[in-house]
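Below, read A as the first sequence line, B as the second, and so on, with proteins coming before strands; counting in each chain starts at 1. Values in this document were obtained by computation on a predicted structure and should not be read as measured data.
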There are 2 protein chains.
Amino acid sequence: MKRPTLEAVAARAGVSRATVSRVVNGSDTVNPDIRTAVLRAVKELGYVPNPAARSLVTQRTGSIGLVVSEPPARVFSDDPFFSQVIRTVCLELETADRQAVLMMPSSPDGQARVERYVAGGHVDGVILLSLHGADPLPAALLRTGVPVVSHGRPVSTARPPYCDADNVGGARAAVQHLLDRGRRRIATISGPPDMSAGLDRLAGYREILSGTGRRSLAAIGDFTRESGAAAMAQLLEDDPGLDAVFAASDLMATGALYALRRAGRRVPDDVAVVGFDDIDAARFTDPPLTTVRQPIAEVARTIVRMVLDGADDTTPVIFPVELIVRDST
Amino acid sequence: MKRPTLEAVAARAGVSRATVSRVVNGSDTVNPDIRTAVLRAVKELGYVPNPAARSLVTQRTGSIGLVVSEPPARVFSDDPFFSQVIRTVCLELETADRQAVLMMPSSPDGQARVERYVAGGHVDGVILLSLHGADPLPAALLRTGVPVVSHGRPVSTARPPYCDADNVGGARAAVQHLLDRGRRRIATISGPPDMSAGLDRLAGYREILSGTGRRSLAAIGDFTRESGAAAMAQLLEDDPGLDAVFAASDLMATGALYALRRAGRRVPDDVAVVGFDDIDAARFTDPPLTTVRQPIAEVARTIVRMVLDGADDTTPVIFPVELIVRDST
DNA sequence: CGAGTATCAGAGAGCGCTCTCACAGAGAGC
DNA sequence: GCTCTCTGTGAGAGCGCTCTCTGATACTCG
């Protein structure tokens with residue numbers, strides 16, 4: 001009733017353990033006849049290698065850690081952007097015959113767990129998602145010597161290699177588009193100031209506006225829909241005459257649309273709205289949302305490749321983004 | 001430069017390997033003085049147990065597989081419902097000091113991988129999400145002898161234990177609510193007919209309607225926003241006089257809202273809409289969505305408990321749901 | 001025809017841990 | 001004072017696998 005071992009397969013095929021190991025691991029220095037005999041024995045016994053025994057000697061596990069660092073208060077992880085990244089990373093890892101171990105440390109205690117877990121050699125590499133500035137985790141993980149790659153430019157002092165979309169360029173394109181549409185008073189709902197996606201998109205916004213000599217008007221959000229709605233309300237209070245807003249994420253943009261509706265403003269007639277990400281929902285809002293599309297899948301795939309390659313090439317990879325014009329502008 | 005082993009810690013603390021092992025694993029039959037000495041050695045050397053070696057002998061891994069069975073065509077996994085389940089499962093597992101291994105087999109090949117992975121003893125248990133009727137995976141996994149629990153009633157012939165929300169009751173409540181509001185011609189957008197959440201919510205709808213002698217009018221969706229929009233368009237064509245619709249998921253309901261808007265129908269004046277799930281976005285639609293709230297977190301937590309308990313109690317656990325009335329009805 | 005050279009299978013030493021079992025020493029009971 | 005528990009430690013045997021190294025066989029070439 002026990003699971004068959006290499007030994008059992010070897011006995012059945014009439015060869016040694018070493019040969020079975022060779023066949024199972026696809027070595028090409030095995031006589032074809034012996035190989036087929038071994039494969040038959042494997043099939044007959046339903047042999048599956050014991051991963052623990054294997055990784056005990058190979059020092060590798062075939063798993064990659066996917067760490068989503070999000071404070072407990074934030075429900076940011078409901079952002080479809082996240083699901084898409086996680087899904088793509090997962091699929092890409094499966095292509096490479098690896099598994100994703102999902103970790104969502106939501107407390108210092110959880111972070112310590114992740115650190116121990118990685119230091120313990122549970123995973124061959126780590127992908128960091130949604131890094132925040134003060135997060136001590138990247139530094140700790142880099143110290144373990146395990147390959148670490150960040151999704152998005154890290155803001156912390158520890159700088160793992162990363163891959164990101166062109167956040168600054170995307171924000172520039174969004175704001176320029178609003179200017180081209182003749183908007184004069186353009187506000188922004190920025191992301192959290194401890195995340196590069198927040199900072200960079202704000203920087204792009206400021207850059208374009210300052211080029212035209214206009215004042216900037218910003219309210220800070222945290223990428224959630226709720227914060228988008230609150231920020232929009234705040235902006236309307238600060239400057240009732242605004243006629244456009246650039247939200248640093250689609251989720252916040254949908255919150256802004258909600259707040260504008262409640263305030264009785266028409267979109268785009270009174271206020272034009274641009275988002276960022278191009279999540280699925282952006283096509284179904286009222287009105288459909290103009291937004292900056294980032295190549296989520298490509299970034300995710302690149303990150304997987306980077307971490308599987310050992311994360312030794314530390315030059316960042318930045319993907320271009322694309323403005324998708326719909327009816328909200 | 002190598003990682004310290006138990007042996008090294010033992011040498012440093014001046015005790016045997018066995019004693020260190022006892023301390024590390026929290027045995028209470030160790031002399032307090034020796035224990036502190038060992039703990040100091042552990043800290044000084046930065047010792048972290050090797051999980052492979054440990055699970056080689058204990059036959060357990062500390063990981064639970066989270067299998068999301070979704071055909072590649074469907075983007076269902078963008079449903080915030082999913083993210084929430086995955087997040088809660090993950091957090092709950094971390095509480096129990098376990099890790100979640102995320103698997104999204106999107107092809108027969110991927111399913112075979114999952115099967116091998118589980119059979120190989122990589123995980124101590126499996127949680128199945130989003131099971132479809134014809135899926136051969138549950139049966140295969142049950143055969144491995146590893147504890148398997150399904151999130152949602154399984155429709156396949158293989159019947160792992162499961163935990164679910166009261167889908168039938170929720171649908172009943174939704175439709176009854178529409179009747180109470182004086183609606184006469186109530187349609188439904190159902191979920192896929194190979195999933196229990198689809199079937200059961202449709203059953204609840206039919207049950208209430210047939211109780212009043214009314215005809216049912218259903219269009220089939222697949223829980224995506226796109227399918228909700230398409231189904232709504234279809235329903236309007238089939239019966240332009242309908243004055244209410246019950247969508248089997250909030251995501252489909254938002255699609256329906258979009259389709260109704262495009263068709264020039266006002267919600268709730270012309271057509272009332274009820275969803276299912278109570279995702280975050282439901283509060284921010286135009287108008288905010290009446291929906292059936294299911295206790296996503298409780299179900300997720302229960303499932304984790306079930307699988308950690310060995311999935312030996314096969315009686316299903318069903319949680320009650322709650323109708324949340326907003327402005328769409 | 002014998003020495004040299006590939007080619008490929010087997011033997012065996014671990015990888016780092018847990019866990020059973022033996023055993024030493026302290027205290028209890030007569 | 002002696003045996004009898006009881007408590008707590010150490011010794012050592014694996015867990016199932018990989019991988020190096022040895023050795024056997026077949027082949028090439030002078």
Nearest to the side chain of [X], heavy atoms from C-beta on, is which of [options]?
X: A/Val15; options: C/dG10, D/dG12, C/dG16; result: C/dG10
X: B/Tyr47; options: C/dC17, C/dG16, C/dG10; result: C/dC17
X: A/Leu6; options: D/dG16, C/dA11, D/dT18; result: D/dT18
X: A/Arg17; options: C/dA13, D/dT9, C/dG10; result: C/dA13

Would you write out the dot-bracket form of DNA chain C, 5' to 3', with Watson-Crick and G-U pairs under 3.5 Å, [ ] for crossing pairs, | for pairs to other strands and . for unpaired bases?
-> ||||||||||||||||||||||||||||||

Shortest non-hydrogen separation from B/Pro295 to B/Phe319 and the atoms involved | CG-CB, 3.6 Å

Identify the heavy atoms of A/Ser106 and B/Leu91 that sit nearest to each other, and give their distance.
-> OG-CD2, 3.8 Å

In B/Val20, B/Thr19, B/Leu39, the residue satisfying side chain to side chain contact (heavy atoms under 4.5 Å, CB included) with B/Ile34 is B/Thr19

Report the residue from A/Val67, A/Ile86, A/Ile303 that forms a side chain to side chain contact (heavy atoms under 4.5 Å, CB included) with A/Leu129.
-> A/Ile86

Measure the spacing between CD of A/Glu92 and OG1 of A/Thr302 and express it to the nearest 0.5 Å.
-> 8.5 Å

Atom OH in A/Tyr162, atom CE in A/Met306: separation rounded to 0.5 Å?
-> 9.5 Å

Return the residues of residues 20-42 of chain A meeting this criterion: a heavy atom under 4.0 Å from some atom of DNA chain D. Order them by number, or give none.
-> A/Ser21, A/Asn25

Using a cut-off of strictly less than 4.0 Å, decide whether B/Thr19 has a side-chain nitrogen or oxygen near OP1 or OP2 of D/dG10.
-> yes

Counting just side-chain N and O atoms, does B/Thr5 come under 4.0 Å of either OP1 or OP2 of C/dG16?
-> no

Could you give the [atom1]-to-[atom2] distance, from [X] to [N], as a whole number of Å?
X: B/Arg3; N: C/dC15; atom1: CZ; atom2: C1'; value: 12 Å
X: B/Glu7; N: D/dG10; atom1: CD; atom2: P; value: 12 Å
X: A/Leu56; N: C/dA13; atom1: CG; atom2: P; value: 17 Å
X: A/Asn50; N: D/dC17; atom1: CG; atom2: C1'; value: 8 Å

If we ignore angles and hydrogens, is there a donor and acceptor under 3.5 Å between the side chains of A/Thr315 and A/Asp313?
-> yes

Are a donor atom and an acceptor atom from the side chains of A/Asp135 and A/Ser156 found within less than 3.5 Å of each other?
-> no

So, A/Glu44 and A/Arg40, do they make that salt bridge, N to O below 4.0 Å?
-> yes

For DNA chain D, whose closest nucleotide is more 5', that of B/Gln59 or that of B/Gly14?
-> B/Gly14

